[in-house]
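What follows is one structure encoded as structure tokens, with my remarks underneath.
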Amino acid sequence: MPRSYVGEARKRVGPKRARILPIIERLLREHADAAIALRFRSDLELLVSVMLSAQTTDVNVNRVTERLFAKYRTPEDYLAVPVEELERDIFATGFYRQKAKALRGTMAMLLEDYGGQVPRQMDDLLRLPGVARKTANVVASELGEPQGIVVDTHVRRLSQRLGLSRQEDPVKIERDLQRLVPRAYWGIFPHLLIWHGRRVCIARDPRCEKCVLNDLCPSSRIAADSKP
Ligand code: SF4
């Protein structure tokens, strides 16, 4: 959108504080099935899936973990095989050397410090080798205790397009969203933006004409195109 329209567009849709609840409500109706796409049956499988999902797709991770989780059931299992074997088993997710190293470090710490259980607090999750803020946020949220808001590439793009944050850095975007989104929605909110980003607000070709948010969105092409 040309710069001259930006101020007008913001005026047209109103302040973000007034828009956030209608945005959430409409997205909840539109994407009632929004949920994590990774497949897992335990806290440990969740943690491993999220760690493997860095730099690859959820579909790819699910393909790999189907066999992986039949073989590795406990933290001890990841430490019982030579590292080269674990690398081979996760090879298709990419960055397999770093990921194998992180998985083994994490399993050792789970056994040593957490009785073999996956912790639920961000401070503990962030101590695990190879677990950065996004991974910790996803795990805490899926375990029912969101303590932040996951910011991935879709959340970042949609937050900017919807005028919810002007920041580029994911940590700063998360801070903006935490101030704006009511805490009860911290877990579901990123899923809503991710699904909306995949289905409607696509990176290169946003389908504004089909978007339920187009009257609430300062970046809507519909509103910009309909200007005299
Ligand atoms: S109106 Fe367009 S730019 Fe705004 S959220 Fe919808 S698809 Fe994305």
Side-chain angles (χ1 to χ4, degrees), residues 1-38 50 53-62 133-135 137-138 140-142 146-228:
M1 187 183 297
R3 252 191 119 59
S4 55
Y5 286 152
V6 173
E8 260 184 71
R10 290 212 183 98
K11 229 183 281 166
R12 171 177 60 79
V13 296
K16 56 188 175 184
R17 294 219 163 270
R19 289 184 289 126
I20 190 66
L21 274 178
I23 287 174
I24 293 171
E25 281 159 12
R26 289 190 202 177
L27 290 179
L28 278 170
R29 272 200 302 273
E30 186 76 357
H31 307 293
D33 54 344
I36 191 166
L38 294 169
V50 182
S53 71
Q55 313 290 335
T56 189
T57 63
D58 292 349
V59 173
N60 195 27
V61 172
N62 288 338
R133 186 158 185 92
K134 186 176 145 221
T135 300
N137 254 333
V138 174
S141 170
E142 290 308 311
Q147 292 145 64
I149 295 178
V150 176
V151 177
D152 77 343
T153 177
H154 297 290
V155 175
R156 176 177 149 164
R157 181 177 77 256
L158 268 77
S159 297
Q160 292 168 340
R161 284 184 178 169
L162 286 164
L164 307 180
S165 177
R166 294 185 198 187
Q167 301 293 339
E168 289 291 333
D169 174 31
V171 174
K172 291 182 182 162
I173 294 174
E174 183 182 356
R175 222 172 286 149
D176 284 346
L177 293 177
Q178 281 178 300
R179 288 195 196 109
L180 191 63
V181 176
R183 202 174 171 121
Y185 297 108
W186 283 12
I188 191 69
F189 187 70
H191 292 312
L192 294 173
L193 291 196
I194 289 167
W195 286 64
H196 199 62
R198 284 182 183 149
R199 290 170 169 169
V200 182
C201 191
I202 294 155
R204 281 163 193 240
D205 184 25
R207 298 176 182 157
C208 302
E209 69 287 353
K210 291 188 180 156
C211 180
V212 293
L213 303 180
N214 72 46
D215 60 320
L216 296 171
C217 176
S219 309
S220 171
R221 289 174 173 183
I222 302 293
D225 289 349
S226 66
K227 285 197 73 60

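First listed ligand is number 1; within each ligand, the first listed atom is number 1. Index from 1, following the sequence.
A salt bridge between E174 and R133 is present, with a side-chain N of the basic residue lying under 4.0 Å from a carboxylate O of the acidic one.
Once rounded to the nearest 0.5 Å, the distance linking CD of Q147 with CZ of R183 reads 7.0 Å.
A 4.5 Å side-chain heavy-atom check between P190 and N137 finds every atom pair outside the cut-off. Using a 4.5 Å cut-off on side-chain heavy atoms (C-beta onward), E142 and V138 make contact. In this structure, R157 and P206 have side chains that are not in contact, with every pair of non-hydrogen atoms separated by 4.5 Å or more.
Protein N/O/S atoms nearer than 2.8 Å to atom 6 (Fe) of ligand 1 total 1.
In terms of modelled atom types and a separation under 3.5 Å, the side chain of R19 and the main chain of G14 share a donor-acceptor contact.
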